Every structure is written in structure tokens, then in C-alpha cells.
S.K.: 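This is the structure I want to talk about, given as C-alpha cells.
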Amino acid sequence: MIELHRYTSSEESRWERFVADSNNGTIFHTRKFLSYHPESRFQDHSLLFEKKGKLLALFPAAERIKDQQKILWSHPGSSYGSLVVPETLSFQDALGLVNALTRYGQTHGFSAIRLTLPPTIYNRRLSNYIDYALLHHGFMYINREVSSILFLESSVEKNLAKFKPSHRRAVRKAEKSGVIVRESDDFAAFYTILKNNLRIRHGVEPTHTLDELLRLKALFP
């Protein structure tokens, strides 16, 4: 029998240990990241799932009102959320977790549960048990996005060989023009470039303010 309860701040260290040892947890699932948001921004409603007294899964989430509906959202303050699970998760437990989650939502007056699964590249061990369990219990896709992954090769030349010819020429031209790529802590200059590029290419503003980026840099050096 899977049981669940709401997260409290007294369980922070337990939560962080589980994320660190999990199959699919990332910094976006940690309390350290989620708590950088001002307390007034989200009404936290994160959940812990236990089986036989042992922690089985986490669900970082917040309550949101959208179109006059109360939604359990995982997580509106990060790129993705969903259930954080161990490498050893069984298919039966995956079904049980989603079943327990949906029953919890119904019991506590939520009109819907909305979540974004982490890209599978972050899994230590590939598994689509949670994906299947969600579809099995009636979850539907609102939208689907492509995650592009660049595998780094053993040399610059081998990496450049993957580029389009026009892109390779642009790299060579930049090198001949004296362009240097280096790590920098000049966040203000970076932020100006970021704002301009996002406005020109996508017509949007950055997700984070400059002050938020500096706070995140301090949290995750």
C-alpha cells in the first residue's frame, strides 16, 4: 500500500538525499532550487510517497488557479517536475504511484494535475514506466517538445565535423577575427546579450531576472 503526505520543511534533508540518489532527479527537483523563489510566488503542495515506511517517490508541486480551476502543478517554478523515483522502481509501483497521485488529487479538490516530465537524458537508467502509468490512468499530453542533445566528441575537429558546412565556416571566420570563448562572471553583460537575443529571435523576456540569476549562481556555484 502506497501512502503519501504533504512536504514540510522538517523533511528537507530527507528530500534532498532522495533526489541525489534517485534515477531522474536534478537540481530542479531540489528544495534548494525550489526555495529560491519568494515564498509568496507559489503555494507549495509537494508530496512524499512511502511504501512500508520507506520513501518511494517525491512530487514537487504547487497549487495554481487557472481558468477558475484548482490545479496541482509540478512544477510551475522550474523547467520540469513530475515524480522523482529510484533506479529500482518496479512497473507495479509506477502504476501504484500514479494511482495514489490521482486519488489524492480527487480527494483534495483538485480539478486537474499538470506536470512536465524530465527529459530522459537525465535518467541514470532509462525507463518509461512513469510515462506508461500516466497514460494508463488517463493523463493526456497538452503539448510535446523536442529535446536536442549534442554528444561531445574527443576533439574540437570531431565536434566541428557534425556542424553544417556554413556553420563550420562561421566558426573559422570567428577564430580568424580574434573571437575568444571563455568563462566569465560578468553576469550583467551576459544578461544584456541574453535579453537582446530572446527579443530578436523569440519576442520574449528571460525567465529569470538578473538578481535571480545571481542568487542561483550563489546556490549552485
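As the structure is a computational prediction, the values presented were derived from the model and not from experiment.
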S.K.: Test Glu157 against every option in Arg172, Lys162, Arg168 by the salt bridge (Lys or Arg N to Asp or Glu O under 4.0 Å) rule and name the one that passes.
M.R.: Arg172
S.K.: Could you walk me through whether Leu34 and His75 pass side chain to side chain contact (heavy atoms under 4.5 Å, CB included), step by step?
M.R.: CA-CA 9 Å; Leu34 295 172; His75 189 286; 3.9 Å; yes
S.K.: Quick one: pull up CD1 in Ile130 and CG in Leu115 and give me the separation to the nearest 0.5 Å.
M.R.: 9.5 Å
S.K.: Going by heavy atoms in the side chains, are Phe33 and Leu219 under 4.5 Å from each other?
M.R.: no
S.K.: Between Leu210 and Tyr191, does the side chain to side chain contact (heavy atoms under 4.5 Å, CB included) criterion hold? Intermediate values first, please.
M.R.: CA-CA 7 Å; Leu210 177 57; Tyr191 199 73; 4.0 Å; yes
S.K.: About how many Å separate OH of Tyr141 and CG of Asn143, when rounded to the nearest 0.5 Å?
M.R.: 11.0 Å
S.K.: Please enumerate all residues that pass side-chain contact (heavy atoms from CB on, under 4.5 Å) together with Ile65, with sequence neighbours excluded.
M.R.: Lys70
S.K.: Checking the side chain of Thr192 only, and the main-chain atoms of Ala188 only, is there a donor and an acceptor separated by less than 3.5 Å?
M.R.: yes
S.K.: So which atom in Ala133 and which in Ala94 form the shortest heavy-atom distance, rounded to 0.1 Å?
M.R.: CB-O, 3.5 Å
S.K.: From the options Phe59, Phe110, Tyr7, select the one residue that forms a ring-ring contact (aromatic ring centres under 6.0 Å, His included) with His45.
M.R.: Phe110
S.K.: Find out if a path of hydrophobic residues (ILVMFWY) with successive side-chain heavy-atom gaps under 4.5 Å connects Leu214 to Phe190.
M.R.: yes
S.K.: Ignoring hydrogens and angles, tell me if any N or O in the side chain of Asn159 forms a donor-acceptor pair with the backbone of Glu153 under 3.5 Å.
M.R.: yes
S.K.: Can you name the closest pair of heavy atoms from Ile2 and Gly96 and give their distance?
M.R.: CD1-C, 3.5 Å
S.K.: For the ring pair His29 and Tyr80, is the centre-to-centre distance below 6.0 Å?
M.R.: yes
S.K.: Between Leu97 and Leu55, is there a shared hydrophobic cluster once you connect ILVMFWY residues whose side-chain heavy atoms come closer than 4.5 Å?
M.R.: no
S.K.: What distance separates Ser46 OG from Leu4 CG, expressed to the nearest 0.5 Å?
M.R.: 12.0 Å
S.K.: Could you give me the CA-CA distance, side-chain angles and deciding distance for Arg41 and Glu212, then say whether salt bridge (charged side-chain N to carboxylate O under 4.0 Å, His left out) is met?
M.R.: CA-CA 13 Å; Arg41 184 172 295 179; Glu212 286 175 338; 3.0 Å; yes
S.K.: When you compare the side chain of His136 with that of Val98, does any pair of heavy atoms fall below 4.5 Å?
M.R.: no
S.K.: Given side chains that start at C-beta, do those of Leu101 and Leu72 come closer than 4.5 Å, heavy atoms only?
M.R.: yes
S.K.: Can you confirm if the NZ or CZ of Lys32 lies within 45° of the ring axis of Phe220 and under 6.0 Å from the centre of its six-membered ring?
M.R.: yes
S.K.: Is there a path of hydrophobic side-chain contacts, each under 4.5 Å between heavy atoms of I/L/V/M/F/W/Y residues, joining Leu198 to Leu213?
M.R.: yes
S.K.: Tell me whether the count of non-hydrogen atoms from other residues, nucleotides or ligands lying under 6.0 Å of CD in Glu3 goes above 12.
M.R.: no
S.K.: Are the side chains of Thr102 and Phe139 in contact, using a 4.5 Å heavy-atom criterion?
M.R.: yes
S.K.: In terms of hydrophobic clustering (I, L, V, M, F, W, Y; side-chain heavy atoms under 4.5 Å; direct or indirect links), are Val156 and Phe163 co-clustered?
M.R.: yes
S.K.: Is there a path of hydrophobic side-chain contacts, each under 4.5 Å between heavy atoms, that joins Phe91 and Leu56?
M.R.: no
S.K.: Using 0.5 Å steps for rounding, measure from the CZ atom of Arg199 to the NZ atom of Lys195.
M.R.: 7.0 Å
S.K.: Report the C-alpha distance between Leu48 and Arg14 in whole Å, list the side-chain angles of each, state the deciding distance to 0.1 Å, and finish with yes or no for side chain to side chain contact (heavy atoms under 4.5 Å, CB included).
M.R.: CA-CA 10 Å; Leu48 294 89; Arg14 188 185 185 206; 4.2 Å; yes
S.K.: Do Leu117 and Leu83 have side chains that get closer than 4.5 Å, going by heavy atoms?
M.R.: no
S.K.: Supply the atom-to-atom distance Ser127 OG to Arg125 CZ, rounded to the nearest 0.5 angstrom.
M.R.: 10.0 Å
S.K.: Judged by atom type as modelled, is there a donor-acceptor pair below 3.5 Å linking the side chain of Asn23 to the main-chain atoms of Val84?
M.R.: no
S.K.: How about Val204 and Thr207: do any of their side-chain heavy atoms sit closer than 4.5 Å?
M.R.: no
S.K.: Donor-acceptor check, side chain of Asn128 to backbone of Asp131, threshold 3.5 angstrom: yes or no?
M.R.: no
S.K.: Looking at His208, Arg215, Arg31, which one forms a side-chain hydrogen bond (donor to acceptor under 3.5 Å, both in side chains) with Tyr36?
M.R.: His208
S.K.: Side-chain contact, heavy-atom cut-off 4.5 Å: Phe28 with Pro60?
M.R.: no
S.K.: Are the side chain of Ser74 and the backbone N or O of Ala61 linked by a donor-acceptor pair below 3.5 Å?
M.R.: no
S.K.: With a 6.0 Å cut-off (strictly less than), is the heavy-atom count around CD of Gln69, excluding the residue itself, greater than 12?
M.R.: yes
S.K.: Show your working on side chain to side chain contact (heavy atoms under 4.5 Å, CB included) between Tyr104 and Arg6 and close with a plain yes or no.
M.R.: CA-CA 11 Å; Tyr104 180 91; Arg6 285 185 69 171; 3.2 Å; yes
S.K.: Any heavy-atom pair between the side chains of Pro86 and Ser22 that's under 4.5 Å?
M.R.: no
S.K.: Just how far is it from atom CZ of Phe42 to atom OG of Ser78, taken to the nearest 0.5 Å?
M.R.: 8.5 Å
S.K.: Side chains of His5 and Glu11: is there a donor and an acceptor less than 3.5 Å apart?
M.R.: yes
